[in-house]
Amino acid sequence: MVPKLDVCISTSKAFSSLSLPLPLSMAAETASLLPSQACPSQPSKITSIKTLAESAGLTSIPATYTFTPDLHDQLTCVPEGSIPVIDYSLLLSGTPDQRSKIVHELGRACQDWGFFMVINHGVPENLLSSILDGCKGFFDLPEEEKQEFKGNHVLDPIRSGTSFNVSVEKAFYWRDFLKVFVHPVFYSPTKPAGLSEISLEYSQRVREVARGLLQGISESLGLEGSYIDKALNLEQGKQIFIANLYPTCPQPELAMGMPPHSDHGLLTLLIQNGIGGLQIQHEGKWVNVGALPNSFLVNTGDHLEILSNGRYKSVLHRAMVNSKATRISIALAHGPSLDSVVSPAPELLVSSKGNEPAAYVGMKYKDYLELQQSNKLDGKSCLDRVRIPAV
């Protein structure tokens with residue numbers, strides 16, 4: 001039996017809602033007008049970094065976009081093949097031995113890296129290309145049309161803007177975004193034509209992959225495969241579609257696409273347009289991530305760390321920019337239902353070696369989401385608020 005999914009399509013004035021038979025996201029960004037300081041010929045107000053980047057004669061970035069390089073930041077090269085690769089087809093339909101091996105590899109990836117690549121996931125390559133093209137079409141819309149979808153609050157279903165949270169930031173990030181709630185109720189901007197249909201199909205297909213991965217991760221923790229799904233009510237789980245635009249930058253060494261941060265939720269699955277820029281922190285050093293063709297880049301979120309009582313870690317990651325090519329990435333964040341209170345799984349606190357103390361206090365996912373997204377991005381500062389200090 002095919003479940004129903006409410007579908008809402010946004011217009012500039014209201015949302016319209018319809019119910020369709022269908023098989024079946026990370027931040028409080030604000031689209032406030034930002035001051036322009038690049039050159040006198042620019043308009044006094046801009047609404048996107050794309051507008052600034054395309055300004056005639058731009059050779060340097062405004063002071064409000066400048067970050068002082070951290071001399072202690074170390075970028076390291078890891079041997080090819082070091083970043084874990086998960087063959088999803090073996091998790092889905094491999095032999096018992098193959099599946100057992102993949103479940104073990106999933107657990108090690110979550111424990112050692114908080115990050116892995118997924119291949120053979122079954123999402124068609126032409127769908128990946130189409131959704132990237134559709135998001136490029138959105139970012140290419142005139143500024144006044146994008147402003148129709150700017151949103152005002154972290155729980156607004158559609159938000160378009162720039163940087164991360166300009167209401168609290170002293171320096172802005174070289175990034176424009178479109179953020180849309182796509183499950184349990186599907187929303188989409190009405191522009192450009194065709195984006196809503198593509199994003200609906202894409203979101204559904206990726207959500208299936210994410211739930212399959214979470215089943216394997218649940219098993220890797222020694223829990224029932226359905227444990228995470230049931231405990232966090234993933235049938236009503238929050239899925240957020242985030243498209244990011246990182247335009248070319250005349251001084252990439254001084255700018256930042258997104259700062260070091262971890263994600264809320266359980267898993268985030270990301271694709272990009274072939275332009276690199278994602279870095280993850282591994283063993284205290286930053287690692288450039290090169291994506292395999294037609295793969296998903298997957299990072300674990302804060303709520304997987306909480307549920308696993310710290311066995312699995314959410315990964316710190318950041319987005320860098322460059323002077324030669326514009327990068328587009330699309331992330332789909334998968335979290336619990338908004339009303340779920342996420343705390344360490346009780347089954348993981350009891351063992352033959354004695355009871356293990358809980359390392360985190362429980363918090364409703366909605367409250368955590370609002371807390372993280374309403375503040376500056378700062379590492380794992382939000383996760384630290386629910387962490388119980390070791391005695």
Side-chain angles (χ1 to χ4, degrees), residues 1-3 22-24 78-129 131 183 201-232 234-235 237 239 265-272 278 280 282 289-301 303-305 307-308 311-315 330-336 345 347-348:
M1 181 175 178
V2 179
L22 298 165
L24 293 171
V78 296
E80 188 173 348
S82 295
I83 295 177
V85 177
I86 301 299
D87 187 335
Y88 186 75
S89 66
L90 298 182
L91 183 66
L92 202 63
S93 56
T95 66
D97 285 346
Q98 288 173 325
R99 193 177 186 283
S100 177
K101 183 173 182 291
I102 290 296
V103 167
H104 175 74
E105 290 176 358
L106 258 178
R108 289 302 302 268
C110 294
Q111 177 180 315
D112 298 342
W113 285 82
F115 186 87
F116 50 92
M117 285 184 266
V118 174
I119 60 172
N120 298 328
H121 44 68
V123 181
E125 189 170 0
N126 64 345
L127 182 56
L128 305 185
S129 299
I131 192 62
H183 192 272
E201 181 182 0
Y202 179 73
S203 300
Q204 291 172 337
R205 295 293 295 266
V206 176
R207 184 168 177 267
E208 292 173 6
V209 175
R211 291 182 80 175
L213 291 171
L214 287 169
Q215 180 178 341
I217 290 171
S218 188
E219 292 175 26
S220 75
L221 286 166
L223 304 168
E224 293 292 330
S226 61
Y227 182 91
I228 295 177
D229 201 293
K230 292 179 179 178
L232 301 182
L234 295 193
E235 192 61 41
Q239 186 187 31
L266 298 164
L267 293 178
T268 300
L269 281 69
L270 180 140
I271 61 172
Q272 53 193 14
L278 176 64
I280 60 173
H282 179 62
V289 176
L292 294 172
N294 197 33
S295 67
F296 287 121
L297 305 178
V298 183
N299 66 268
T300 55
H303 289 85
L304 188 58
E305 179 168 336
L307 180 131
S308 69
R311 285 169 171 78
Y312 296 163
K313 303 294 185 183
S314 58
V315 66
I330 299 172
L332 273 170
H334 300 82
E347 292 83 349
L348 299 180

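None of these values were measured; they are calculated from a predicted model.
Side chain of Ser93 to backbone of Ser89: a donor-acceptor contact under 3.5 angstrom is found. Side-chain atoms of Thr300 come within 3.5 Å of backbone N or O of Lys313 as a donor-acceptor pair. Remark: the backbone N or O of Ile280 is not paired with any side-chain donor or acceptor of His282 at under 3.5 angstrom. For the pair Ser220 (side chain) and Ile217 (backbone), a donor-acceptor distance under 3.5 Å is present. Between the side chain of Thr268 and the backbone N or O of Ala333, no donor-acceptor pair lies under 3.5 Å. Checking side-chain atoms of Arg108 against main-chain N and O of Trp113 turns up no donor-acceptor pair under 3.5 Å. Listed for the Arg99 side chain is a donor-acceptor partner under 3.5 Å among the backbone atoms of Leu91. Checking side-chain atoms of Arg311 against main-chain N and O of Leu348 turns up a donor-acceptor pair under 3.5 Å. Side chain of Glu125 to backbone of Asn294: no donor-acceptor contact under 3.5 angstrom is found. At distances below 3.5 Å, at least one donor-acceptor pair connects side-chain atoms of Ser308 with backbone N or O atoms of Leu304.
Under the 4.5 Å side-chain criterion, counting only non-hydrogen atoms from C-beta, Lys101 is not in contact with Val103. Looking at Tyr312 and Leu307, their side chains never come closer than 4.5 Å, going by heavy atoms from C-beta outward. The shortest side-chain heavy-atom distance between Leu292 and Val85 falls under the 4.5 Å cut-off. A 4.5 Å side-chain heavy-atom check between Ile86 and Val298 finds every atom pair outside the cut-off. Using a 4.5 Å cut-off on side-chain heavy atoms (C-beta onward), Arg207 and Leu332 make no contact.
Of the listed residues (Leu270, Asn120, Leu269, Ile119), just one forms a side-chain contact (heavy atoms from CB on, under 4.5 Å) with Ser295, and that residue is Ile119.
Here the straight-line distance linking atom CD of Glu208 with atom NE2 of His121 works out to 13.0 Å at 0.5 Å rounding. Note: Ile228 CD1 to His303 NE2 = 13.0 Å, rounded to the nearest 0.5 Å. Rounding to the nearest 0.5 Å places NE2 of His334 at 14.0 Å from CG of Leu232.
For the residue pair Ser218 and Glu224, the shortest heavy atom distance occurs at OG-O, 2.6 Å. The two atoms that bring Glu347 and Leu223 nearest to each other are CB-CD2, 3.7 Å, heavy atoms only. Of all heavy-atom pairs spanning Ala291 and Gln272, the tightest one is CB-NE2, 4.0 Å. What you find for Glu305 and Ser314 is that their closest heavy atoms are OE1-N, 2.9 Å. The shortest non-hydrogen separation linking Gly122 to Arg205 is O-NH2, 2.6 Å.
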Could you please spell out the steps behind the side chain to side chain contact (heavy atoms under 4.5 Å, CB included) verdict for Phe296 and Val123? CA-CA 10 Å; Phe296 287 121; Val123 181; 3.9 Å; yes

So Ile271 and Ile131, side chain to side chain contact (heavy atoms under 4.5 Å, CB included) or not? Walk me through it. CA-CA 10 Å; Ile271 61 172; Ile131 192 62; 3.8 Å; yes

Stepwise, does the side chain to side chain contact (heavy atoms under 4.5 Å, CB included) test hold for Ile102 with Tyr88? CA-CA 8 Å; Ile102 290 296; Tyr88 186 75; over 6 Å; no

Let's go through Leu297 and Leu278 carefully: what are the C-alpha distance in whole Å and the side-chain angles of both, what is the deciding distance for side chain to side chain contact (heavy atoms under 4.5 Å, CB included) to 0.1 Å, and is it a yes or a no? CA-CA 10 Å; Leu297 305 178; Leu278 176 64; 3.8 Å; yes

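Side-chain N/O atoms of Tyr227 and Glu219 include no donor and acceptor closer than 3.5 Å.
Atom CD of Gln98 is surrounded by more than 12 heavy atoms from other residues, nucleotides or ligands within 6.0 Å.
Among residues two or more places apart in sequence or in another chain, the salt bridge (charged side-chain N to carboxylate O under 4.0 Å, His left out) test is passed with Asp87 by none.
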